[in-house]
Structures are given as structure tokens and as C-alpha cells.
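In listed order, ligands and their atoms are each counted from 1. Values in this document were obtained by computation on a predicted structure and should not be read as measured data.
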Amino acid sequence: MLNVPSQSFPGPSSQQRVASGGRSKVPLKQGRSLMDWIRLTKSGKDLTGLKGRLIEVTEEELKKHNKKDDCWICIRGFVYNVSPYMEYHPGGEDELMRAAGSDGTDLFDQVHRWVNYESMLKECLVGRMAMKPALPKDYHEEKKVLNGMLPQSQVTDTLAKEGPSSPSYDWFQTDSLVTIVIYTKQKDINLDSVIVDHRDDSFRAETVIKDYSYLVHVALSHEIQEDFSVLVVENVGKIEIVLKKKENTSWKCLGHPQENHNSFIPKKDTGLFYRKCQLVSKEDVTHDTKLFCLMLPPSTHLEVPVGQHVYLRLPITGTEIVKPYTPVCDSLFSEFKEPVLPNNIYIYFLIKIYPAGFFTPELDQLQIGDYVSVSNPEGNFIISQLQELEDLFLLAAGTGFTPMVKVLNYALTNIPSLRKVKLMFFNKTEDDIIWRSQLEKLAFKDKRFEVEFVLSAPTSEWSGKQGYISPALLSEFLKRRSDTSKVLICLCGPTPFTEQGMKMLHDLNFSKDEIHSFTA
Ligand code: HEM
């Protein structure tokens, strides 16, 4: 059944999860929830069978531990005994067994690289691999002198063959300023392509170019002031980060290289980077959904691109738990200008609280001023999909509405060719509809926008559409202007909603390029 709010979080079909198509969670036995697992890890029980010892594991040894009741997995060079976790794994025992007795790093990353296994499995750590699994060549190479040139050796072979050409950086100074310049060699660079974090003396600037990440990561040689500015010279692909010196002295070098400094590697091979953000407000939106506003630290530059999500991380009874959420605008009427103003320091989330859940009640209990860690953005929505668009159709169920907010706002403000945006919003009852009056006001104010609510369990007074996603509803709703008009259909909701929706859209002869489902 669709549109039925689930009790656990993230529910098997929660829209707030960014689940990948085709994967599914399995029902866990009674007493095998995340909370039960955390309890077990805190019980003092020996979960590795090694009585607290850490050992060096050879590849041969690892291979021997390939059975359910004796299962070791290596992730990023560390070996874990996952047998005690088997029954607690939300993806099921068989999925976990796919990596039994081997290096499961790639498999793990393909499925859910955001999952904080280090924290969840810390009591299952057996030790390190005696020989480290293959990392990109020169992964940890440290350059002693920072001259801004990327040595050819740091570009992996595959990258040199297929990927975009590698960026480089340089820096220069005046009495009071230090400017770091990143030459991306790409034209389509925006302010949201670069994420900068300055914490203590560590300075980190990650530039995302297609599926690759270029990192400048140094321990600065001198102190700088908290605020800095980021400028993008778009048509030449140059990024300038202007730092203010604390003292007007001349710097002999920028600083000392830190992990992965000056590397250009596939994004999927980089770890998720987090910074602590402060909760500044929390407002009720419906009976179970709230709008959370988080403030980025002043020494961070981060803009979440349209259609992308971030991960929120909270320590829950000592274990770091991570969940994906797509940021929204503060309202449907907030101005959406490109490039986004540099003082854009707030991130908003519409989050449904599941009282019997694990993560969201904890989030809900945070006080104003408390901190939540927020990751760098991820996601495969490409904004150029909206260029020259004539008809945009949005199909959302429940909190699957969240990725639609920025897409909707962006399209109405930035796409001159746009003729129509139509949202079909599936919910259980009227009380579940997020931002209903804002949606109705927007439809009144902007004739290009139409909204249709569909309820699966309405009261007898409801005169609107009823039911679930169906071919009949879709074929009536998805009217393209002409056979040649450029159309995009975005889809987000619980996994069954998205899967059925995709199938119906294919049956209605929409091509793959005309459909985007929000999945990770
Ligand atoms: C390396 C082999 C592994 C495979 C093939 C695998 C596979 C899966 C699959 C298919 C799911 C369901 C995902 C979904 O609903 O979209 C899942 C969920 C999950 N797995 Fe794994 N897994 C692996 C290892 C691990 C390990 C080592 C941990 C350690 C903590 C882990 C923790 C989790 C968690 C917490 C979830 C729920 C994620 C969420 O939706 O919030 N998995 N896994």
C-alpha cells in the first residue's frame, strides 16, 4: 500500500530516504533494531572473539572468515567481524554476505557510502589489513612544497583516460590578503561547485567537477580571520578564495599539505566531509512534519545544488547515525537568484518526525543552539536537465515533496522557456499535505504553476482526487503541449511509489531522458 506513514525510521518506504532503485530493506526480527544493536555494542560483550586484541589480518586469513557465523569484512583497510551484526543489518544477511571474507569497500560504497560503519562497528573491529587494499596510486603522497602544480602521478590512470582534465591551484598575497586560485579548466563552474571549510588552522576547498573532486587541503602557515570570500569567474572556470590575514606579515608558503591535498579523484572515492551546524529554528508545518533551519559555521562556504541532498549526522547514545535529507527553501516564495548570494548561510529541511523511530525523535529533541553535522552535497540531478524546458511535471508522495521544492522554485525563476509546471502531490489525508496553502497561493500567483492533491484516505468532505498513483491519473495529468516539446518528469516518494510510477511512465511512452527519479 502506498502513502501509509511508517512507524520506524527511516521507514521501509520513507520518502525522506534516498534509496537506490531496486534495493530494499528487509524486515528485521523482533529485538534487532538499530537501538538494540547499539545496546549490544555497549553491553561490554566481546563482539570480535579476540578479547579486545587488535590483530594484523593477512588476505589469506580474511578469506577464511566467510561464513555467517564467522564473517569478516574489510572496509578501507580495517577488518570487522560482522557476524554479530548479521541479524541487525537492514539490508539483510545475504547482502552483507556478498562481502564475506573479502574487501567490501567498493560494494559498501556502491550501496550506502554514507552509512557510518566506523562508529556502528567499532566494537567489531578485528584489526588492520597487513597489506592495504589497493588505493589510487599516490593516494597518500605528501608533497613537501606547495607550488600549485598537480603532479601527473597523482592523476589516476583511468582519470587520465576518461575523466575531465585535472585542475591545479596557485596562490598569491598582498599585505592583508591571501588569494587561492583554483583553475578548474571547466566552463560550467558555479558558486555551488566549490565547498570551503576553515577549521582551526586546517583549510579545505573541495571543487566538484562532474563526478570528480579536486581538493586543496592544507594546514595554513599563518592565522587568518574567520570570514573569507569565494568568487567564481565562470567563463574561464577560475575560482578565487580570498582569505584575510590576521597579521600583515609576508607568508613564505601557504602551509603544509594535509590528507589528499591536491588530489583529483572520483567523488565516490572521497569520504563524506562534515561540519557542525547550529539549529536556529524549528517550526511545525503539519501534525508530524517540521521545518528545521540550520546555520552553517561562518568559516564554511557551502551551497547545496538544486536536486541534491546532504547527510545529517547525530551522535545517538554514543554512536554516530547518518540519514540523508534534501534541503528545501524557507518557503515557496523565497527569491531564487543565480548565483545564490554569498551570505547564504542557512539550510532548511522539511523533516517528518516518526515518534517510534530512532533518528527523527532525537533530531526533534534538539534545542535551539544545539549542533548537527551536515555533509557535503551528493546526488545525480543535473540542473542542465531544466534548460529549455517547456513542461515540468512533478510527482511527489509525502515528504518526497522535498526535492521538488528547489526544482520548482528554480524552474519558475530561471527557465524562460517554461510553459507549465504541474505538481501532483499524493498524501494520505488533508492534514498530511505539506505547505498546502503556499502551494495554492503559488498556483494563484503564477499561472504557469498548477497543483493537484490526491488523497488515499480522505474524509467524506474531500472533493478532490482520491487513490494512488495509477496509469489513468498519470495519462490525464501528463499532457505535453506537442510531440516535440521538451518535457521533464520528476518523481519522488516511497520506493513502491517511485518504482510503480517509473513503470507507468515508460508505458506512457516517456523516454528515459524525460524522467528523473530522486534516488541515490
Ligand atoms: C559490504 C556489503 C554490504 C552490502 C552489499 C549491503 C547492502 C545493503 C542494502 C542493500 C541495504 C538496503 C538499502 C536500502 O534500503 O536502500 C543496506 C542498508 C543498510 N546497511 Fe548495508 N550492506 C553492506 C554492508 C554494511 C555494513 C558493513 C554496515 C555497517 C554498519 C551496513 C549498514 C547498513 C545500514 C545502517 C543500512 C540502512 C541504511 C539506511 O537506509 O539508512 N551495511 N545495506
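- Close approach to A99 involves these atoms of ligand 1, each under 4.0 Å from a residue heavy atom: 1 (C), 2 (C).
- In terms of polar-atom proximity, Y85 is not counted as a contact of ligand 1, lacking any N or O under 3.5 Å from an N or O of the ligand.
- In this structure, L107 has a heavy atom closer than 4.0 Å to ligand 1.
- The proximity of I73 to ligand 1, defined as any non-hydrogen pair under 4.0 Å, does not occur for either the backbone or the side chain.
- Distance check, rounded to the nearest 0.5 Å: CG of L478 to CE of M504 gives 11.5 Å.
- Note on ligand 1: V82 sits outside its first shell, no heavy atom being nearer than 4.0 Å.
- Not a single N or O atom of R98, backbone or side chain, sits closer than 3.5 Å to an N or O atom of ligand 1.
- Taking the six-membered ring where tryptophan is involved, the planes of W114 and H112 are perpendicular, since the angle between them exceeds 60° and thus also 30°.
- When the side-chain hydrogen bond (donor to acceptor under 3.5 Å, both in side chains) test is applied to S193, no partner is found at least two apart in sequence or on another chain.
- We find the NZ-CZ distance between K323 and R313 to be 14.0 Å, quoted to the nearest 0.5 Å.
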*Give the C-alpha distance, both sets of side-chain angles, the deciding distance and a yes or no for ring pair (Phe, Tyr, Trp, His ring centres under 6.0 Å) between Y117 and F108.*
CA-CA 10 Å; Y117 66 95; F108 180 90; 5.1 Å; yes
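- The atoms of ligand 1 that sit less than 4.0 Å from any heavy atom of K323 are 41 (O).
- Taking 4.0 Å as the cut-off, I75 counts as a neighbour of ligand 1 on heavy-atom distance.
- The backbone and the side chain of E95 each have at least one atom closer than 4.0 Å to an atom of ligand 1 (non-hydrogen atoms only).
- For H112, the N, O or S atom closest to atom 21 (Fe) of ligand 1 goes by the atom name NE2.
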*Can you list the steps and then say if D370 with K282 is a salt bridge (Lys or Arg N to Asp or Glu O under 4.0 Å)?*
CA-CA 12 Å; D370 284 351; K282 184 173 63 174; over 6 Å; no
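- Checking each of F401, F497, W435, F477 against F425 for a ring pair (Phe, Tyr, Trp, His ring centres under 6.0 Å) leaves exactly one that passes, namely F401.
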